[in-house]
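Notes to accompany the following structure.
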Amino acid sequence: MPDYTPAPQVTDAKPTGKTYPPFEYEVGREKIREYASAVGETNPVYFDRQAARDANFRDVVAPPMFAVVYSAGSVGAPIFDEEIGIDFMRMVHGGQEFEWSEPVCAGDATTTDEQCH
């Protein structure tokens, strides 16, 4: 049996509360369609502008977890921040939070902020 030595636990709270520059993403209609297809969505509001407008959306609407697409550009700074010191061999995704004020539609510009908790 291989010898396993656990990684030291991060106890330095110094990065807690640290923020990073906001990341802006312009939502494209084709990106919404590609994402919806990839995750198996079939609702026409994700593909057809008129269907979306008939459902009272401004344009083709993004599925809720499209948030992973428009927020992806913001995660690089904290992941590679030496002050945080992530060990990629032992990294486990512990969670993330999204706050929406209204549905995201094609043509919207979203801003993602990162903060260490």
Side-chain angles (χ1 to χ4, degrees):
M1 181 177 233
D3 182 28
Y4 173 73
T5 305
Q9 296 296 310
V10 177
T11 56
D12 185 359
K14 187 169 54 172
T16 300
K18 186 173 183 176
T19 60
Y20 298 87
F23 178 80
E24 189 170 299
Y25 180 91
E26 188 170 328
V27 179
R29 188 174 304 112
E30 286 307 313
K31 283 293 180 188
I32 292 173
R33 290 174 179 156
E34 290 168 0
Y35 180 85
S37 289
V39 299
E41 292 289 355
T42 58
N43 190 324
V45 299
Y46 302 131
F47 301 95
D48 181 79
R49 178 184 280 164
Q50 191 56 53
R53 288 183 176 162
D54 290 347
N56 296 316
F57 294 109
R58 296 179 310 282
D59 204 324
V60 172
V61 65
M65 285 312 300
F66 185 78
V68 300
V69 174
Y70 62 74
S71 66
S74 68
V75 298
I79 285 177
F80 295 109
D81 186 336
E82 290 183 13
E83 183 179 10
I84 295 174
I86 293 176
D87 179 350
F88 293 102
M89 294 298 292
R90 293 180 174 91
M91 183 173 85
V92 175
H93 183 261
Q96 62 195 108
E97 296 177 21
F98 296 98
E99 294 179 26
W100 292 272
S101 57
E102 61 183 80
V104 173
C105 294
D108 288 351
T110 64
T111 301
T112 303
D113 300 304
E114 295 285 341
Q115 180 178 8
C116 295
H117 293 275

Hey, are the side chains of Tyr35 and Met65 touching, using non-hydrogen atoms and a 4.5 Å cut-off? yes
Within 6.0 angstrom of Lys18 NZ, more than 12 heavy atoms from elsewhere: yes
Side chains of Tyr20 and Asp81: do they bring a donor and an acceptor to under 3.5 Å? yes
Between Ile79 and Phe88, is there a side-chain heavy-atom distance shorter than 4.5 Å? yes
Heavy-atom pair with the smallest gap, counting every atom of Thr112 and Ser71: OG1-CA, 3.6 Å
Measuring only between side-chain heavy atoms, which start at C-beta, is Val27 closer than 4.5 Å to Thr110? yes
Hey, can you tell me if Phe66 and Tyr25 have their rings parallel, tilted or perpendicular (30° and 60° cut-offs)? perpendicular
Search all heavy atoms of Cys105 against all heavy atoms of Asp108 and return the closest pair with its distance. N-OD2, 2.8 Å
Any chance you could pull the hydrophobic cluster mates of Val61, using side-chain heavy atoms under 4.5 angstrom and chaining through other members? Val45, Tyr46, Phe47, Phe57
Would you indicate whether the side-chain heavy atoms of Pro63 and Ile32 approach each other to under 4.5 Å? yes
Nearest heavy-atom neighbours spanning Ala106 and Gly28: CB-C, 4.3 Å
Which atom of Arg58 lies closest to which atom of Pro103, heavy atoms considered: NH2-O, 3.6 Å
